[in-house]
Amino acid sequence: MNDVQTSTPADEIPFRYTAGLAAQIEQRWQDEWDRRGTFFTPNPSGPLTDAEGRHADPAKPSYFVMDMFPYPSGAGLHVGHPLGYIATDVVGRFRRMCGDNVLHALAFDAFGLPAEQHAIATGQHPRANTEANIAIMQRQLRRLGLAHDPRRSFATIDDSYVRWTQWIFLQVFNAWYDEAAVRPDGGVGRARPIAELEAELAAGTRPVPAGVDGVPAGAAWADLDRVARRRVLDAHRLAYLADTPVNWAPGLGTVLANEEVTADGRSERGNVPVFKRNLRQWNMRITAYADRLTDDLDGIDWPEKVRSMQRHWIGRSTGATVRFDVVGGELLEVFTTRPDTLFGATFMVVAPEHPLLDEVPAAWPDGTHEAWTGGHESPAAAVADYRRYAAGRTAVERQADAGRKTGVFTGHLAVNPVTGTPLPVFTADYVLMGYGTGAIMAVPGGDERDYDFATTFELPVVYTVDGEGDGARTGDGAIINSANEGLDLNGLDVPAAKAAMIAWLAARGVGEETTTYRLRDWLFSRQRYWGEPFPVVYDEDDQPIALPDSALPVTLPEVPDFSPRTYAPDDADSSPEAPLGRNDDWVHVTLDLGDGPRQYRRDTNTMPNWAGSCWYHLRYLDQVSPDVLVDPALDRYWLGPGHGSQPAGSVGGVDLYVGGVEHAVLHLLYSRFWHKVLYDLGYVSSSEPFHKLFNQGYIQAYAYTDDRGVYVPADEVEEDAAAPEGYAWHGEAVHREYGKMGKSLKNVVTPDDMYTAYGADTLRVYEMSMGPLDLSRPWDTRSVVGSQRFLQRLWRNVVDERTGELVVVDDAPDEATLRVLHATIAGVRADMEAMRENTAIAKLIVLNNHLTTLDRVPRAVVEALVLMVAPIAPHIAEELWSRLGHERSLIDAPFPVADERYLVAETVTCVLQVAGKVRGRAEVDPQTGAQELEALALADPGVQRALAGREVRKVIVRAPHLVNVVPA
RNA sequence: GCGUGAGUGGCGAAAUGGCAGACGCGCUGGCUUCAGGUGCCAGUGCCCGCAAGGGCGUGCGGGUUCAAGUCCCGCCUCACGCACCA
């Protein structure tokens with residue numbers, strides 16, 4: 001079989017593994033898998049069994065592998081999209097062959113803006129278009145041969161799914177956060193049903209909290225009327241309506257979450273300006289979980305990058321609150337992480353939006369520095385002018401001159417509690433209303449921003465940390481200049497000084513230790529059509545009432561127009577107007593919610609796109625139980641702490657979750673939050689949804705422009721040494737750039753292109769062999785042929801290309817072949833377990849290439865090879881397996897296990913070095929002793945030549961691999 | 001500025017502190033072919049050399065070590081994320 005090939009043209013060789021044959025094999029096996037129910041994953045109980053009607057074998061560990069599910073876009077797939085799906089499929093198939101009960105399926109994240117925009121443009125209902133896109137995508141993905149349980153697929157727009165999304169919303173709505181309650185995992189603080197709060201308030205075991213609008217301080221529950229009671233409860237809910245500053249995007253006609261607004265104050269989608277507006281909107285109290293969302297990052301197996309991004313987004317920072325007396329009035333509260341520097345505070349700064357500025361002194365105090373007034377006659381004029389200036393500045397402008405400090409004196413003076421010195425209070429836009437208290441004590445001696453401001457406005461600098469030179473001293477050092485009659489910090493280090501200062505402040509009631517967060521509550525309503533309606537109605541008091549389970553799902557009404565009312569992108573004074581409000585019959589309903597039929601008004605907002613993706617991992621487990629979100633037995637089996645082969649003490653969750661890093665703080669934070677609420681309320685047993693997270697890299701591509709900057713088809717560009725950059729298109733020199741694949745860049749390569757030219761298995765092998773999975777890499781169609789050659793050679797090692805007959809023999813393999821085989825098995829197993837598919841494939845190629853050197857290929861060896869190839873190239877593996885005489889699919893065949901005896905080589909190459917440089921080699925028995933090796937090395941002509949007569953100072957022997965002779 | 005990660009042939013990339021460049025693409029030569037954008041065989045880090053052989057080589061500069069792509073210190077560059085967060 002290894003003769004040089006005959007002269008038969010390729011298309012006349014009937015059994016050559018070409019794209020055409022691959023297509024036949026692939027489609028036949030895909031049909032066969034479907035027909036047999038090969039990918040049916042059995043649950044341990046309930047209706048979902050394997051194809052033979054059996055429940056999960058209790059002896060098998062469970063393994064749940066999951067992809068970040070796709071949005072069914074109409075644009076179609078390019079070869080970058082399947083990368084993660086192929087990788088999880090390889091892992092899932094490998095684990096299944098290793099004996100795990102593997103759960104793997106793929107759903108669709110189908111609510112969202114593109115479908116709505118398509119609907120607006122065409123007038124077609126977004127559901128019709130979305131479902132058509134799903135069908136197209138499912139067909140494209142099926143052709144990859146992914147081992148997904150088809151029964152477990154779904155879309156977030158399915159009524160049966162929306163029903164539970166709305167149900168979860170109601171659990172959040174009907175819950176409050178009890179800071180003192182103990183969780184099952186031993187931690188303190190958890191969500192509890194709001195009914196329990198109501199019962200405690202009614203029983204008087206919990207006092208009515210102060211500070212709720214319309215509820216007098218110290219009121220008894222019994223004295224409150226119906227509306228006031230509901231206000232108290234509503235103020236505790238984890239999903240609540242509040243008139244809060246929100247991100248209003250007039251150009252989109254909707255409000256957005258903080259996470260959806262870019263640093264320069266524009267919408268992440270659509271890139272239109274976003275304005276802060278006070279609007280009554282739904283919020284989720286994610287801030288109640290800020291500590292747990294930060295702390296629990298330590299217990300999950302996630303990339304450090306994502307964990308650090310989440311930590312930073314939550315932005316926990318500990319320090320102190322300090323209250324300053326404002327001369328002639330109120331208190332000014334600040335937050336600082338450096339209370340130890342309070343003796344160095346020489347002025348104060350409040351954000352332009354700070355309420356202290358609503359009233360300012362009538363005249364400048366005596367001795368007001370000329371430069372502080374901004375040239376204004378009075379503080380009121382100066383502040384009003386500065387507020388106008390600050391409000392008109394975009395985030396981009398502010399960012400651009402972050403170094404240049406602007407601001408103005410407010411006329412207020414505030415007394416430093418440790419020195420008794422009155423400090424001028426400025427307003428400046430380098431202090432943000434949204435963080436801390438919106439006010440700071442400025443310590444120019446210890447903070448660079450304060451130092452810049454002090455320099456600009458000629459304010460005094462007091463250093464409280466020992467050091468040298470001008471500028472802020474931000475490093476560590478001994479405390480100086482920090483003593484009053486009752487407190488002496490001098491000589492202490494920073495942590496000790498912080499503690500002493502906090503104790504001093506607390507003792508006088510002017511401050512205390514405080515933790516602040518950057519994280520804000522999650523704005524949860526959108527003025528869009530294509531999303532989940534809120535399962536809530538409003539009564540005549542305009543207070544929200546949860547609909548009963550029996551009313552779920554609340555489905556979308558038919559409306560004449562799907563678009564929200566949009567405005568000029570910079571029309572900041574406009575207001576949102578939701579499309580759902582256009583159907584009066586839907587908005588106004590008569591319902592009997594227990595006290596007779598009454599008129600109610602529906603909520604016309606919809607949930608953000610993230611809602612559906614917050615809990616879809618649970619839906620894969622159980623789409624069958626009609627009365628519970630997820631059957632507790634299934635939850636424990638697939639997700640419970642320590643399930644399957646998760647390490648003892650793990651918090652549970654999906655065993656492997658693969659997706660792009662772009663969801664690091666949006667989806668992944670929201671999903672953790674919901675999962676924790678569900679955990680607190682007892683619906684799931686794991687406190688984290690995703691145990692291991694893996695971020696795959698992106699497949700990128702070159703794009704080419706001509707000298708007008710117009711993109712030319714990338715697949716028609718050729719290398720051309722004569723062109724200035726080395727590339728030409730039809731003889732015209734072009735410029736190369738590197739980035740995404742996209743229609744507009746004319747560089748898209750689709751999976752269908754690859755199916756036609758090479759077949760799905762070749763595409764799978766190529767994508768897995770391009771490099772480590774977490775690295776982004778350029779697509780190179782030219783290189784794909786290498787993967788096809790590998791599969792062709794594999795095929796030829798089993799099947800005669802001309803006759804289609806088997807070429808394997810049942811003879812025992814020779815010793816050398818067995819050594820290569822078992823080394824390959826050991827290496828491939830280790831690589832697969834570590835998700836290093838690229839090096840696994842390299843090892844498989846080495847084994848395969850070895851087999852091509854043999855006259856006849858031993859069955860035992862090639863069968864092991866076929867099994868090892870199966871997770872990566874499943875169709876050709878099934879075909880060869882079946883041609884080798886096996887009736888059952890190899891999907892459950894055990895993955896080969898290496899025989900230790902063959903892992904020890906017969907001879908090893910011992911490297912002979914002089915001064916660390918290789919000067920010779922010797923083939924030796926692995927058992928050769930150190931002395932013998934040393935003698936061997938010293939006698940080696942190469943070593944002798946390199947020594948050139950020099951004395952040998954020392955000889956290092958690492959038997960049997962290396963000898964290093966060190967000359968004097 | 002802060003955080004995370006990465007810099008190795010023409011290209012994608014391999015390398016428990018122990019032979020740098022596995023495997024693949026491309027390229028060169030050969031075989032097969034009416035033909036080849038097929039298949040097969042061989043070679044391929046750079047420099048000198050006909051060869052044998054030698055020199056150099058993992059972003060830069062130091063260090064530890066018998067031995068460094070790998071460990072330590074200091075830089076540089078790039079990617080991603082965050083960014084006046086008190």
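Sequence lines set the chain letters: A, B, ... in the order given, protein chains first and strands last, and positions in each chain run from 1. Owing to the predicted nature of the structure, the values given are computational and were not obtained by experimental measurement.
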Participant: Between U70(B) and G18(B), how many Å separate the two C1' atoms, rounded to a whole number?
Facilitator: 11 Å

Participant: Please determine whether a side-chain nitrogen or oxygen atom of N849(A) lies at a distance below 4.0 Å from atom OP1 or OP2 of C23(B).
Facilitator: no

Participant: Provide the closest heavy-atom pair for G438(A) versus V431(A) in the form atom of the first, atom of the second, distance.
Facilitator: O-CG1, 3.5 Å

Participant: Rounded to the nearest 0.5 Å, what separation is found between the CG atom of N964(A) and the CZ atom of R958(A)?
Facilitator: 9.5 Å

Participant: Give a yes/no on whether any side-chain N or O of K917(A) is located under 4.0 angstrom from OP1 or OP2 of C56(B).
Facilitator: yes

Participant: Calculate the interatomic distance between R736(A) atom CZ and G10(B) atom C1'; express it in whole Å.
Facilitator: 11 Å

Participant: Is any side-chain N or O of R518(A) closer than 4.0 Å to OP1 or OP2 of A83(B)?
Facilitator: yes

Participant: Taking only Lys NZ, Arg NE, NH1 and NH2, and the carboxylate oxygens of Asp or Glu, determine whether R307(A) and D301(A) approach each other closer than 4.0 Å.
Facilitator: no

Participant: Measure across E448(A) and A472(A) and return the closest heavy-atom pair with its distance rounded to 0.1 Å.
Facilitator: N-CB, 3.5 Å

Participant: G26(B) phosphate, OP1 or OP2: any side-chain N/O from R789(A) under 4.0 angstrom?
Facilitator: yes

Participant: Please report the distance, rounded to the nearest Å, between CZ in R316(A) and P in C82(B).
Facilitator: 21 Å

Participant: Need the glycosidic conformation of G53(B): syn if within 90° of 0, anti if not. Which one?
Facilitator: anti

Participant: Under 4.0 Å, counting only non-hydrogen atoms across every strand here, what does R782(A) touch: a base, just sugar-phosphate, or nothing?
Facilitator: sugar-phosphate

Participant: When you check the phosphate oxygens OP1 and OP2 of G81(B), does a side-chain N or O of K305(A) lie under 4.0 Å from one of them?
Facilitator: no

Participant: Does S769(A) reach a base, just sugar-phosphate, or nothing at all? Heavy atoms under 4.0 Å.
Facilitator: nothing

Participant: Ignoring the backbone of N964(A), work out which of A67(B), U4(B), A86(B) is nearest its side chain.
Facilitator: A67(B)

Participant: Measure from CZ on R796(A) to C1' on C40(B) and round the result to the nearest Å.
Facilitator: 8 Å

